[in-house]
**Q** 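Have a look at the structure that comes next, please.
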There are 2 protein chains.
Amino acid sequence: MNRFPKEVYIARRQKLKQLMGTGVLLFLGNEESSMNFKDNWYPFRQDSTFLYFFGLDMSGLTGIIHVDEDQEVIFGDDISTEDSVWFGTHPALQELADSVGVDRTRPKRDVAEVLKDIPLEHVHILPPYRPENLLKLSEWLGISTAAVSQQVSEGFIQSVVALRSIKAESEIEEISRAVDLSVRMHKALMREARAGMYEYELLGLVLKEAASGGGSVSFPPIITTRGQILHNHDYSHQLREGGMLLGDFGAESAMHYAGDITRTIPVGSVFSSQQKEIYQMVLDAYQVAVQALRPGVFFKDVHLLACRTLAEGLKSIGLMKGDLDEAVVQGAHALFFQCGLGHMMGMDVHDMEDLGEPFVGYTDTLKKSTQFGLRSLRLGKQLETGFVLTIEPGLYFIPQLMDQWEAAGLHKDFIDYKQVAHFRDFGGIRVEDAYQITPVGAKVLGDPLEITVSEVETLRSTVGIE
Amino acid sequence: MNRFPKEVYIARRQKLKQLMGTGVLLFLGNEESSMNFKDNWYPFRQDSTFLYFFGLDMSGLTGIIHVDEDQEVIFGDDISTEDSVWFGTHPALQELADSVGVDRTRPKRDVAEVLKDIPLEHVHILPPYRPENLLKLSEWLGISTAAVSQQVSEGFIQSVVALRSIKAESEIEEISRAVDLSVRMHKALMREARAGMYEYELLGLVLKEAASGGGSVSFPPIITTRGQILHNHDYSHQLREGGMLLGDFGAESAMHYAGDITRTIPVGSVFSSQQKEIYQMVLDAYQVAVQALRPGVFFKDVHLLACRTLAEGLKSIGLMKGDLDEAVVQGAHALFFQCGLGHMMGMDVHDMEDLGEPFVGYTDTLKKSTQFGLRSLRLGKQLETGFVLTIEPGLYFIPQLMDQWEAAGLHKDFIDYKQVAHFRDFGGIRVEDAYQITPVGAKVLGDPLEITVSEVETLRSTVGIE
């Protein structure tokens with residue numbers, strides 16, 4: 001089975017009970033999710049927090065921990081003989097619960113009964129991100145769906161974040177496994193992409209590598225000739241000689257840990273000199289950022305350091321100008337780098353994003369900025385040993401944003417819009433890898449993957465791209 | 001764009017208005033569906049009825065038809081500049097609406113306002129199958145989520161079913177495109193499957209073919225060495241020499257029409273003599289069923305004819321016995337064929353299943369049987385020219401069902417449990433294709449795909465399987 005030994009789950013729950021001290025903790029597993037009719041389901045994805053504490057990867061489960069009574073229960077129903085004709089047999093729920101160190105199981109319908117005897121102020125819930133779980137909470141707690149958000153427990157969130165943020169060695173191994181598979185997916189694309197192909201053909205290739213490696217994808221792959229669109233899930237364009245292809249995708253391992261890698265490659269075997277120049281700026285920012293990673297450093301500062309490096313590059317070719325310290329403070333670079341430098345990664349590719357960025361990426365004393373660019377930075381707080389995060393600088397030339405900024409006269413002292421106009425059709429470049437924060441710095445995760453200009457061009461040449 | 005010409009949608013809505021005569025018809029488009037946190041989405045799937053009448057394939061839309069005022073409105077919001085940085089630009093909503101022949105658009109927030117002025121008894125809704133749409137209906141109509149099902153309009157369902165059941169020539173072309181792609185997916189699997197491979201590797205191959213052909217899958221593929229589990233979505237087993245592999249999957253075309261094909265192949269190049277014998281029984285039932293297809297015939301009778309053919313085969317090798325007419329009436333064959341012979345197919349692989357089987361597959365005078373086996377038959381009613389449906393007989397040897405029936409002494413006059421015991425480890429065989437009902441009979445859809453024992457064995461031998 002794709003689970004850690006039961007002791008792992010027992011220890012995690014033990015730590016959580018210590019952190020919470022008191023209360024009744026409610027963990028909602030996920031249900032099957034319908035596509036175009038009830039029984040036509042998307043591939044099942046269990047809730048990550050449920051997986052972290054209870055390890056069981058199937059629909060229809062709920063977990064309750066009574067901290068004060070030191071009691072743990074998994075609620076669910078065994079499969080009927082008729083259902084087993086259609087879906088095969090599972091081990092009995094009690095056997096499954098035993099495998100993660102939980103003694104007690106009860107039928108699904110008992111959740112409501114158990115909860116109705118507990119005063120609402122003792123019940124701790126996490127924010128639901130699926131509507132069916134919102135409906136369950138409303139029903140079980142006897143409150144309106146609108147009132148559910150008021151019931152969300154900050155203490156519960158903070159305890160879960162404290163535990164899940166620090167990856168154990170066994171988790172690092174799982175993440176590395178996901179990254180290794182992600183590397184294989186990228187290598188396949190880097191070897192096969194050729195002028196004349198369509199983006200969707202490469203999507204097929206990438207999905208095949210993920211599934212053939214026993215995994216799936218950790219998020220819908222971005223495979224695009226239009227890298228300037230940050231979250232582009234359109235796959236309809238043809239690869240053209242002289243253009244670039246941006247691939248931002250990763251595997252999810254069988255145990256549901258994520259990989260997340262980005263590479264930008266020339267459609268031919270070499271970059272144009274302009275592409276090479278911009279690529280090198282992005283890579284410089286990547287390397288500066290990686291060098292700065294260590295426990296105690298604010299990731300916001302690492303982000304700003306990368307922004308400053310990007311701005312220097314842009315100034316060197318005349319797209320930016322003036323005092324770069326001031327330019328970065330004012331956010332002028334965000335015309336070219338609109339997003340954040342990275343995010344936590346674990347069982348979720350944006351780890352624990354369902355629990356809320358204020359808790360995962362920021363603190364009571366460090367709140368998220370509202371400035372364009374910085375407001376998309378998911379992680380700002382001080383790094384700790386055991387964090388896993390991505391480093392993903394980029395430069396994106398977005399015509400409608402250029403037009404909007406120029407028309408509004410934004411950051412005229414720092415941006416030379418006349419020069420910028422020459423890059424309207426340039427596209428976008430991003431590179432990304434995942435790093436583990438160690439006591440002395442940071443360590444890249446997974447097998448090596450070509451990243452420098454010469455490594456990428458060498459790979460592209462040796463696979464026979466013209 | 002992946003849409004029919006606007007005249008198609010105008011004509012469909014026109015016919016619907018005629019069928020309904022009066023009322024306000026509400027069409028809920030689908031939303032993005034979250035996996036493990038809000039913004040990590042499954043691939044978007046628009047609601048099929050929304051697609052049928054409004055053709056727009058994006059989230060966040062609602063359609064309203066005021067039949068009495070002959071007025072049609074699409075509700076939705078244009079993309080903001082900031083969002084376009086992340087997701088790229090779309091055409092404006094008004095332009096999209098024009099492309100499907102709808103004059104009026106309004107912002108999303110206006111839906112509630114429009115609906116609050118209309119008496120509830122004039123509002124027609126279809127049954128929601130996604131919880132977010134249930135929540136929307138509850139909010140917009142000012143009724144509890146529990147009350148939404150009472151608001152569902154049978155007249156609306158019946159009108160939609162009447163129109164969507166009869167496929168136009170342009171739809172048949174789209175379905176054929178999906179079936180052609182499904183054939184390519186099956187051919188890839190039939191060429192590549194070899195002893196030692198894992199099921200998940202073949203899943204990868206099939207996903208690649210679907211995506212490379214510009215489509216996706218119409219339901220989660222079944223690719224299993226354990227064909228006796230009817231809806232098996234486990235891919236963890238290794239292919240072993242002497243075993244069989246059942247593949248039941250199909251493509252969804254870019255316009256969201258479905259294909260659905262099943263083949264069962266030997267892991268080596270040839271079937272064992274026992275496998276060949278059972279396979280031929282399934283194929284005989286398939287052919288008998290196909291011969292019986294024509295307008296006016298009850299599909300329930302075609303199903304029973306196939307069951308009778310399967311029973312004859314089983315009797316010929318001693319697994320069944322006695323009066324076969326009586327055996328089929330009593331449902332004894334369902335020990336080996338637990339499911340239905342086929343289902344409607346269109347934009348949904350089980351077409352319109354969200355609208356309810358009583359309307360799609362049965363009538364006021366023909367209700368679904370409650371007998372084991374027959375109660376899984378999705379389609380029973382008389383066939384009409386323009387229906388598209390699948391024919392998918394099978395024989396499945398399910399140890400826990402054998403044990404259960406034998407222990408209960410079920411159908412002892414028709415089943416020789418001693419002989420059946422020899423097939424405990426046999427597995428399962430199914431073959432399936434899609435047919436269009438024509439005025440004179442039925443026509444298989446899509447490119448040809450090996451199906452007879454000798455065709456399958458020839459293919460497997462020529463690709464070099466030992």
Side-chain angles (χ1 to χ4, degrees), chain A residues 30 33-43 45 47-48 81-82 84-89 129-132 134-135 145 198 200-201 203-205 207-214 219-220 226 229-236 256 338 347-350 352-354 372 396 398 400-401 404, chain B residues 30 33-43 45 47-48 81-82 84-89 129-132 134-135 145 198 200-201 203-205 207-214 219-220 226 229-236 338-339 347-350 352-354 372 396 398 400-401 404:
Chain A
N30 281 339
S33 202
S34 302
M35 285 191 281
N36 49 338
F37 53 89
K38 197 160 183 25
D39 289 344
N40 201 23
W41 298 325
Y42 285 111
R45 178 55 158 83
D47 174 69
S48 298
T81 306
E82 172 140 8
S84 77
V85 168
W86 298 90
F87 303 110
T89 49
Y129 53 91
R130 287 194 180 190
E132 60 272 29
L134 175 66
L135 284 164
T145 53
Y198 285 87
Y200 57 74
E201 297 178 74
L203 172 67
L205 188 72
L207 294 176
K208 172 175 181 292
E209 288 296 322
S212 302
F219 60 98
R226 304 176 175 202
I229 302 170
L230 300 176
H231 287 179
N232 193 353
H233 294 128
D234 180 299
Y235 308 105
S236 65
H256 303 293
Q338 301 81 7
M347 277 192 285
D348 308 309
V349 60
H350 293 170
M352 302 170 280
E353 187 162 303
D354 60 310
F372 180 78
Y396 311 99
I398 305 172
Q400 69 268 33
L401 197 64
Q404 194 191 33
Chain B
N30 281 339
S33 202
S34 303
M35 286 191 279
N36 49 337
F37 53 90
K38 197 162 184 23
D39 289 344
N40 201 23
W41 298 326
Y42 286 111
R45 179 54 159 83
D47 174 69
S48 298
T81 306
E82 173 140 7
S84 77
V85 168
W86 298 90
F87 303 111
T89 50
Y129 53 91
R130 287 194 181 191
E132 60 272 28
L134 175 66
L135 284 165
T145 53
Y198 285 87
Y200 57 74
E201 297 179 73
L203 172 67
L205 188 73
L207 293 177
K208 172 174 181 293
E209 288 295 322
S212 302
F219 60 98
R226 302 174 177 204
I229 302 171
L230 300 175
H231 286 180
N232 192 353
H233 295 127
D234 180 297
Y235 309 106
S236 64
Q338 300 82 5
C339 56
M347 278 193 285
D348 308 309
V349 60
H350 293 170
M352 302 170 281
E353 187 162 302
D354 58 311
F372 180 78
Y396 311 99
I398 304 172
Q400 69 268 34
L401 197 65
Q404 194 191 34

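Below, all heavy atoms of this structure are taken into account, side chains as well, without hydrogens, waters or symmetry copies. First the proteins, then the strands, lettered A, B, ... as listed; each starts at 1.
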**Q** For the CG atom of A:Asp354 and the NZ atom of B:Lys38, what is their distance to the nearest 0.5 Å?
**A** 11.5 Å
**Q** For the CH2 atom of B:Trp41 and the OH atom of A:Tyr42, what is their distance to the nearest 0.5 Å?
**A** 11.5 Å
**Q** In chain order, what residues pass the side-chain contact (heavy atoms from CB on, under 4.5 Å) check against B:Glu132, with sequence neighbours excluded?
**A** A:Pro131, B:Glu31, B:Arg130
**Q** Count the heavy-atom pairs under 4.5 Å between each of B:Cys339, B:Gly213, B:Gly204 and chain A, then report the option with the highest count.
**A** B:Gly204
**Q** Identify which part of A:Met347 has an atom lying under 4.5 Å from any heavy atom of chain B, answering side chain, backbone, both or neither.
**A** backbone
**Q** B:Asp234, B:Leu135, B:Leu205: which one forms the most heavy-atom pairs within less than 4.5 Å of chain A?
**A** B:Leu135
**Q** Less than 4.5 Å to any heavy atom of chain B: does that hold for the side chain of A:Asn30, its backbone, both, or neither?
**A** side chain
**Q** Sort A:His350 into side chain, backbone, both or neither according to what part of it lies under 4.5 angstrom from a heavy atom of chain B.
**A** both
**Q** Tell me, side chain or backbone of B:Ile398 under 4.5 Å from chain A's heavy atoms, or both, or neither?
**A** side chain
**Q** Chain A heavy atoms under 4.5 Å from B:Asp348: which part of the residue, side chain, backbone, both or neither?
**A** both
**Q** Would you mind checking which part of A:Phe372 comes under 4.5 Å of any heavy atom in chain B, side chain (CB onward), backbone (N, CA, C, O), both or neither?
**A** side chain
**Q** For the candidates B:Pro43, B:Ser33, B:Ser48, which exhibits the highest count of non-hydrogen atom pairs separated by less than 4.5 Å from chain A?
**A** B:Pro43
**Q** Would you mind telling me which of A:Val349, A:Leu203, A:Ile229 has the largest number of heavy-atom pairs within less than 4.5 Å of chain B?
**A** A:Ile229
**Q** Could you tell me which residues satisfy side-chain contact (heavy atoms from CB on, under 4.5 Å) with B:Tyr198, sequence neighbours excluded, listed by chain and number?
**A** B:Tyr200, B:Glu201, B:Gln238
**Q** In Å, rounded to the nearest 0.5 Å, how long is the span from OG of A:Ser34 to CZ of B:Arg45?
**A** 12.5 Å
**Q** Atom CG in B:Asn40, atom CD in A:Glu353: separation rounded to 0.5 Å?
**A** 8.0 Å
